[in-house]
Amino acid sequence: MKSGHSFRRHLSLFWVSCLGLFFEMLLIRWLSSEIRIFAYFHNLILLFCFFGIGLGCALADKKSYFMISFAVLSLLVSVLSLGPLLGLFSFQKISSYLSYGSNFVVWYNSAQGWAGTSLLSFLLGLGLLLFCMLCITLFFVPFGQRIGRLLNEHNRPLSGYFVNLLGSLFGILLFFGVSYFSLPPYLWFALGGIGLVPLLFERRWQALIGVALVFGCVFLLFKDYHSKNWTLWSPYQKLTIIPRAVEVNNRSVPDGYVIWVNSVRYMMITDYSAQFKQRYPILFPRDIVPYDHYNIAYRFMKEPGDVLILGAGAGNDTAGALRNGARSVDAVELDPKIIEIGERLHPEAPYKSPRVHVAVDDARSFIRKTSHRYDLVVLGLLDSHALSSSYSNVRLDNYVYTLESFREIKRLLKPNGVVVLVFAVADEFIGARFQQLLTQVFEHPPVEFQVHSGFRGWGGYGFVTGNEKVIKESLSRDPHLQSIVQGSQGFLHSWSSYKIDLTTDDWPYLYLRDKTIPNLYYFVFFLLALFSYIGIKKVTGKTYQNEWHFLFLGAGFLLLEVQSISKSALLFGGDLDCQCTGDWRHSHDVAFGELPL
């Protein structure tokens, strides 16, 4: 009897620990894809997961109600599924409400200070953020209660902790599995929800309600996933593919696709195919097309031989290189699903060309490992839209735009090589940083110009550097290119006198103006401290205990865990997906049966 009871207790501890880590990673990834601000505050979600578990452990002697977890999960899914119907109280608006302070850029919601965000809307954003954090905390309280009770009852604490650790590791591996196979969220919630149901078996009616709530969540998420648009979940992010059309002679003509990343318009698939241009020549003026977003780089390199594209996306930059006569193209893209979308949907099929070699890898990793030399290096609109991991607040693309990275890119150039960087500069300090970084590395100022956006390309700001003689010759033989560069100098001239800290591998924060903590973090930290104070006082009845050693032990443990899991996530997210050959094949396809292929 004792043996059987011990086994059941170990199994219960293993299972609740597994589900706890599974749901931590699920909520971090899901919320950051649906609510933009959490792409900048992943650690905040993690802290409140820990806070909920900690409060639960303090209440270990109280009865745990996992029905609370089911109810909170259903509430979060319902609120995010309703979206625009909630008007001012839509969770998706938190990012724009919190775009406050000129020293911090929230992508797609450039910080504009009080002129862009009123005090009332800023406070509303903080309120919605606090409500979301409250839901996360309440969700994990029953987990902490059950884990705390099982550990307290264990007659061998180290053995119990081993089971707890083993279950947590299994939960991480379980979520890694659903991410690796690119399964959609409704399957995450179905798997996690079904796993939670046995914890309600003490009362049958609660189990039945729990099953109903799980099916409700799965239905809402499944409905969203199978809407008129096509949504895929890569190992890194949520990708939504929407057919695009352009007006020609008062009728709508399909001309490609728009790809949304984590609910933000991010990438286009443009149609420059010969058939499309012959059918609709009015869309492709001969004097304009050579200077479009995906062609202008080749005006600076008369005969592109070997081309490297960093941030190749779905294939527009690669198609541009092939159109302009590149002999060989190395296309580097981090996300395997974006490559797969390009392989299946791009009208020019650039990734099927024998001249193209695809590397599914992080750009910084590729340039460090490759031994090839290039005539032209193109950095497309390389913005990862994600962090280096689910537990880190450093964006992965930050390390591509540092002094050390540009020095490595310079090393890859042939003697007459040129680098072309195009970036959506959201604030002038970012443009100034690029200008000064390139000037320091290449020892002369880059040529700068504005790339106008349109249906044939997203646009941005261009920076050209490398062999100064080659660049000057390109400008001298092309009057129209000269006029584009000269016409941009008025508003780019001030960048050279801008005082800005340069990004390095030790400080890679491209989107921060100064070496300081952004104002928004102070507001969020205050909320966190206030929330913690109220929660601890309610649970323990105390506001102060003279046990500082536990405070520092807990802080050290939290820092260690964040860093350890961050490095593990980098390994899972980057290296395991890195396959660098022209014959690369996906080993974890998601069905594209719904796509119009």
Candidate pair Leu19 and Leu199, rule side chain to side chain contact (heavy atoms under 4.5 Å, CB included), full reasoning: CA-CA 11 Å; Leu19 289 175; Leu199 302 177; 4.2 Å; yes

Test side chain to side chain contact (heavy atoms under 4.5 Å, CB included) applied to Phe51 and Leu47, step by step: CA-CA 6 Å; Phe51 184 55; Leu47 286 172; over 6 Å; no

From CA spacing to verdict: side chain to side chain contact (heavy atoms under 4.5 Å, CB included), Phe66, Val16: CA-CA 11 Å; Phe66 274 95; Val16 75; 4.0 Å; yes

Side chain to side chain contact (heavy atoms under 4.5 Å, CB included) assessment of Val163 paired with Phe14: CA-CA 6 Å; Val163 174; Phe14 174 87; 3.8 Å; yes

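Within the model, atoms CD of Glu333 and CD of Glu340 stand 12.5 Å from one another, a figure rounded to the nearest 0.5 Å. Of the inter-residue distances, the one linking Asp271 atom CG with Leu345 atom CG reads 12.0 Å to the nearest 0.5 angstrom. Note that CZ of Arg9 and CD of Glu153 are 7.0 Å apart. Values are rounded to the nearest 0.5 Å. Atom CG of Leu220 is separated from atom CG of Leu80 by 10.5 Å, given to the nearest 0.5 angstrom. Interatomic distance, CG of Leu173 versus OG of Ser168, reported as 11.0 Å (0.5 Å rounding). Rounding to the nearest 0.5 angstrom, the gap separating the CG atom in Leu232 from the NZ atom in Lys337 is 7.0 Å.
Under the rule for a side chain to side chain donor-acceptor pair (under 3.5 Å), the partners of Thr270 that lie at least two apart in sequence or sit in another chain are Asn316. Applying the ring-ring contact (aromatic ring centres under 6.0 Å, His included) rule to Phe139 yields the partners Phe23, Phe143; only residues at least two apart in sequence or on another chain are considered. A search for side-chain contact (heavy atoms from CB on, under 4.5 Å) contacts involving Leu213 returns Met67, Phe70, Ser74, Ile209, not counting sequence neighbours. In this structure, the side-chain contact (heavy atoms from CB on, under 4.5 Å) partners of Val248, at least two apart in sequence or on a different chain, are Val246, Val253, Tyr280, Ile282, Leu283. The ring-ring contact (aromatic ring centres under 6.0 Å, His included) check on Tyr161 picks up nothing, with sequence neighbours excluded. Residues that satisfy the side chain to side chain donor-acceptor pair (under 3.5 Å) test with Arg149, not counting sequence neighbours, are absent from this structure. The side-chain contact (heavy atoms from CB on, under 4.5 Å) check on Thr240 picks up Asn229, Thr231, Lys238, Ile242, Trp260, with sequence neighbours excluded. Legend: residues meeting side chain to side chain donor-acceptor pair (under 3.5 Å) with Ser90, ordered by chain and number and at least two apart, are Gln92. Partners of Ile194 by side-chain contact (heavy atoms from CB on, under 4.5 Å), not counting sequence neighbours: none found. Here Asn164 pairs with Ser17 under the side chain to side chain donor-acceptor pair (under 3.5 Å) rule; sequence neighbours left out. In this structure Trp15 satisfies the ring-ring contact (aromatic ring centres under 6.0 Å, His included) test with no other residue, sequence neighbours excluded.
Using a 4.5 Å heavy-atom cutoff, the side chains of Leu13 and Ile147 are in contact. Between Leu31 and Ile136 the shortest side-chain heavy-atom distance falls below 4.5 Å. Contact check for Leu27 versus Phe140: side-chain heavy atoms found under the 4.5 Å cut-off. Counting only heavy atoms from C-beta outward, the side chains of Glu247 and Ser252 approach each other to under 4.5 Å. Using a 4.5 Å heavy-atom cutoff, the side chains of Lys93 and Leu124 are not in contact. Residues Leu46 and Glu24 form a side-chain contact, since some pair of their non-hydrogen atoms from C-beta on lies under 4.5 Å apart. The shortest distance between side-chain heavy atoms of Val141 and Ile68 does not fall below 4.5 Å. Counting heavy atoms from C-beta on, the side chains of Tyr351 and His346 never come closer than 4.5 Å.
Closest approach of Phe170 and Cys18 over heavy atoms only: CD2-SG, 3.4 Å. Closest of all the heavy-atom pairs between Ala60 and Asn152 is CB-ND2, 3.9 Å. The heavy-atom pair separating Pro185 from Leu221 by the smallest distance is O-CD1, 4.1 Å. Minimum interatomic distance between Thr318 and Ala312 (heavy atoms only, all atoms of both residues): OG1-CB, 4.0 Å. Annotation for His10 and Ser159: closest pair NE2-OG, 3.6 Å, computed over non-hydrogen atoms. Nearest heavy atoms, Tyr257 versus Pro243: CD2-CA, 3.7 Å.
In this structure, the side chain of Gln145 does not engage the main chain of Gly56 through any donor-acceptor pair within 3.5 Å.
When each of Trp233, Trp30, Phe222, Phe22 is checked for a ring-ring contact (aromatic ring centres under 6.0 Å, His included) with Trp188, only Trp233 meets the rule.
Taking the six-membered ring where the residue is Trp, Tyr511 and Phe423 present tilted rings, their angle falling between 30° and 60°.
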Would you give me the side-chain donor-acceptor pairs under 3.5 Å for residues 127-135, sequence neighbours excluded?
none

